[in-house]
Amino acid sequence: MKPTILKGTRDFGPQDIKRREYIFSTIKNVFELYGYGPLETPSMEHLHTLTGKYGDEGDALLFKVLNNGDFLSKANPEALENKDSNGLVASISKRGLRYDLTVPFARFVVMNHHALKFPFKRYQIQPVWRADRPQKGRYNEFYQCDVDVVGSSSLLYEAELVKIYDEVFTRLNLSTQIKVNNRKVLYGIAETAGIEAQFVDMTVALDKLDKIGEEKVAEEMERRGISKEAISKVLAGIAIKDIEQLPAFFTNAPTGMKGYEELKQVLSYLNAVEIKQELVFDISLARGLSYYTGCILEVVSKEVKMGSIGGGGRYDDLTSVFGMSDLSGVGISFGAERIYDVLLELDRFPEDTDATVPLILLSLDAAALAHSFNLAATIRSAGIPCDVYPEPAKMKKQMKYAAGRNIPLVMIIGEEEVQSKTYSVKIMETGEQTALSSDILIESLKALI
RNA sequence: GUGGUUGUAGCUCAGUUGGUUAGAGCGCCGGAUUGUGGUUCCGGAGGUCGCCGGUUCGAGACCGGUCUUCCACCCCA
């Protein structure tokens, strides 16, 4: 049979892994710098742990795992008879692949709250799965890098997370825009327009402002049954660019005012520190995940057209569905795949992410090959990675192999070298060749690498 | 999940209204150069035309299905 790979998934070769490790370690180092500790949770969770947390669309995108054994005999007969797929799922699938890292984290916190010290800060770098239709920068399996803190409603954490975004993207040498908003501010717009009941309809439409423009947003709100008067109020609200205009705009909007106060506090914390990326207040930022309740964040590249490369926010009620209320959390996520694609497109990966060895030994005859193997052992024991071409093939073939693998240094071992214990090393980039005496070989090599 | 799009050599792509042995560039392999890659010259290998079925005397081309790619919607990292 012909081997194929599943739609929306990718293999990662040695070079890919090196580059991904660069991203992960950069992110991880910053997380640890801010006092977050690692956590891993299983790929699979109880389906009921996952369902209902991401809205109806989210549930539809959950990968369900078929029960083992004779699952059909236990299937809901009515649903089976009526070909009711949704009704059937509960009786034939009890497990699902995780959709994000936040919900499993909430589950973990509730299960382990007795052993945790709050505020509890953790980071998590693991793959998640979504049964979405794949596109560029959009996969069925992808890694998320999450940092969250639960057990504190301090707005200092919102500021800290913005700073983490700033630090990571600066270290990755990327230019980004960090957008910040607050769900309560959005709610305040709804309050002011008198459409609290249609808050969700409003935010879904508003979220598309960047993409489809004001007119289409108004059309969409109208289609969702929002009155013309309310729409004009909403449009007036989203024209606001400066948070100091919010108090004057909000009329009879206590929640909105609370959102304003929160934003003001977060931004004032951030004013006191240096931010290298562009931080903007974007009142149209809404974000789809239904569990956000306060501050919301999103990061986009300023250099490459791509979806968001990070997002997050505060969620007050997430743990309550697992039976634990009054545990506020706030967190952000980095989209490793998209960051990867952005770095690749901009050719911004450091050179040392090349998956190669710094040195290869080429041998001219069987005796030299044996000598090379022995010499390589000495070089390796000094901590220098190296490779030995496995047969005394033609020099041209061996050189081509070294060049093809982008190996910067080549050592040629022949009869002369074995006799004299002086090895000629060729620097591939320049073609320059120097003779290294065996007694200072290691030092000389270290100097060349 | 809805609508559309893509698939020909390792890669990028040609292939005229269906008609004989499906081409190019790059790459790869060999030689010129029996201890030296990237330049040049010469030679060579490599394709069940994504897969399955149909129409036809004849299909890379037309039709249906399927997988894959990408795009829009939806949503999102």
Side-chain angles (χ1 to χ4, degrees), chain A residues 1-10 23 27 54-62 85-86 99-102 125-146 165 176 203-205 207-208 211-212 216 220 285-290 292 296-301 305-313 331-342 360-365 368 389 392-418 423-433:
Chain A
M1 67 173 281
K2 194 177 173 183
T4 54
I5 189 167
L6 278 175
K7 162 168 71 173
T9 65
R10 299 184 288 179
I23 295 171
I27 290 172
Y54 311 106
D56 292 344
E57 303 86 1
D59 285 356
L61 299 181
L62 281 172
S85 303
N86 287 333
Y99 179 90
D100 73 356
L101 303 177
T102 309
I125 299 176
Q126 289 191 277
V128 302
W129 294 268
R130 295 184 189 177
D132 218 344
R133 185 164 295 197
Q135 284 181 28
K136 190 176 185 180
R138 191 175 198 179
Y139 305 96
N140 287 341
E141 178 186 60
F142 61 96
Y143 272 77
Q144 281 192 328
C145 314
D146 274 29
Y165 267 145
T176 63
T203 53
V204 167
D207 204 30
K208 299 174 189 165
K211 218 174 195 173
I212 63 177
K216 291 270 171 73
E220 172 140 5
L285 177 64
R287 296 191 58 76
L289 292 176
S290 47
Y292 292 125
I296 42 185
L297 294 165
E298 189 163 289
V299 184
V300 292
S301 167
K305 190 177 176 292
M306 178 84 62
S308 61
I309 54 178
I332 55 173
S333 180
F334 289 80
E337 323 290 329
R338 288 188 180 174
I339 292 170
Y340 179 95
D341 289 346
V342 168
I360 187 167
L361 278 57
L362 312 183
S363 320
L364 289 157
D365 54 50
Y389 194 86
K394 274 191 199 166
M395 203 30 52
K396 175 168 174 143
K397 188 178 171 70
Q398 299 192 56
M399 290 296 288
K400 277 191 109 163
Y401 175 77
R405 275 189 67 189
N406 239 326
I407 299 171
L409 293 178
V410 160
M411 189 181 285
I412 295 149
I413 317 288
E415 209 176 329
E416 289 171 32
E417 284 79 5
V418 174
Y423 308 102
S424 44
V425 171
K426 179 165 178 169
I427 300 164
M428 293 298 269
E429 198 183 341
T430 58
E432 184 189 344
Q433 204 155 320

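All values below come from the heavy atoms of this structure, side chains included, with hydrogens, waters and symmetry mates left out. Every chain is numbered from 1 and lettered A, B, ... according to where its sequence line falls, protein lines coming before strand lines. Given the structure is predicted, the values throughout are model-derived calculations rather than measurements.
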| task | State whether A/Gln135 places a side-chain N or O below 4.0 Å from either non-bridging phosphate oxygen (OP1 or OP2) of B/rU69. | result | no
Using atom [atom1] of each nucleotide, how far apart are [N] and [M] to the nearest Å?
N      : M      : atom1 : answer
B/rU55 : B/rG15 : C1'   : 23 Å
B/rU8  : B/rC49 : C1'   : 4 Å
B/rG44 : B/rG25 : P     : 13 Å
B/rA72 : B/rC11 : C1'   : 29 Å
B/rG23 : B/rU5  : P     : 30 Å
B/rG38 : B/rC26 : P     : 15 Å
B/rG18 : B/rC73 : C1'   : 37 Å
B/rG7  : B/rU69 : C1'   : 8 Å

| Is the distance between the ring centroids of A/Phe334 and A/Tyr143 under 6.0 Å? |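 No, the ring centres sit 6.0 Å or more apart.
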| task | Assign each of A/Glu298 and A/Ile413 to its nearest nucleotide of RNA chain B by heavy atoms, then name whichever residue's nucleotide is nearer the 5' end. | result |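 Upstream on the strand: A/Ile413.
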| Considering heavy-atom distances to RNA chain B, does A/Ser424 or A/Arg138 have its closest nucleotide positioned more toward the 5' end? |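 The 5'-side residue here is A/Ser424.
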[X] [atom1] to [N] [atom2]: how many Å, rounded?
X        : N      : atom1 : atom2 : value
A/Ile412 : B/rG37 : CD1   : P     : 10 Å
A/Lys7   : B/rU66 : NZ    : P     : 11 Å
A/Tyr389 : B/rU36 : OH    : P     : 15 Å
A/Arg130 : B/rC74 : CZ    : P     : 17 Å
A/Met399 : B/rG38 : CE    : C1'   : 9 Å
A/Lys400 : B/rU39 : NZ    : P     : 9 Å
A/Lys216 : B/rC74 : NZ    : P     : 11 Å
A/Lys397 : B/rG38 : NZ    : P     : 14 Å

Using a distance-only criterion (donor-acceptor N/O pair, under 3.5 Å, no hydrogens), is the base of [N] paired with the side chain of [X]?
X        : N      : answer
A/Lys396 : B/rU36 : no
A/Arg133 : B/rG3  : yes
A/Gln433 : B/rU36 : yes
A/Glu429 : B/rG38 : no

| query | Of the nucleotides B/rG31, B/rG37, B/rC70, which one has an atom closest to the side chain of A/Lys394? | reply |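 Nearest nucleotide to the side chain: B/rG31.
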| query | To the side chain of A/Lys208, which of B/rU36, B/rC75, B/rA72 is closest? | reply |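 Selected nucleotide: B/rC75.
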| How about A/Lys397: does its NZ atom have over 12 heavy atoms from other parts shown lying under 6.0 Å from it? |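 No - once you tally the heavy atoms of other residues, nucleotides and ligands closer than 6.0 Å, there are 12 at most.
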| Exceeds 12 heavy-atom contacts within 6.0 angstrom, atom CD of A/Gln433 | yes
Now, which nucleotide makes the Watson-Crick or G-U wobble pair with [N], with each of the two distances under 3.5 Å?
N      : result
B/rC62 : B/rG54
B/rA24 : B/rU12
B/rG18 : none
B/rA32 : B/rU40

Applying a 4.0 Å non-hydrogen cut-off, can you work out what [X] is touching in the nucleic acid: base, sugar-phosphate, or nothing?
X        : value
A/Lys426 : base
A/Tyr401 : nothing
A/Gly404 : nothing
A/Gly8   : sugar-phosphate
A/Val204 : sugar-phosphate
A/Gly137 : base
A/Ile309 : sugar-phosphate

| message | As an exercise, state the distance from CG of A/Leu362 to CD1 of A/Ile407, rounded to the nearest 0.5 Å. | response |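 Between atom CG of A/Leu362 and atom CD1 of A/Ile407 there are 8.5 Å.
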| task | State the OH-CD1 distance between A/Tyr389 and A/Ile360, to the nearest 0.5 angstrom. | result |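 CD1 of A/Ile360 is found 8.0 Å from OH of A/Tyr389.
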| query | Can you tell me if A/Glu417 uses its side chain to pair, donor with acceptor, with the backbone of A/Gly414 under 3.5 Å? | reply |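 Checking the backbone N and O of A/Gly414 against the side chain of A/Glu417, a donor-acceptor pair under 3.5 Å is found.
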| said: Using modelled atom types and a 3.5 Å cut-off, is there a donor and acceptor pairing between side-chain atoms of A/Asn140 and backbone atoms of A/Pro134? | reply: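 Not a single qualifying donor-acceptor pair exists.
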| field | A/Phe334-B/rA77 aromatic stacking (under 5.5 Å, under 30°) | value | no
| A/Lys426: which of A/Met399, A/Glu432, A/Met411 passes side chain to side chain contact (heavy atoms under 4.5 Å, CB included) | A/Met399
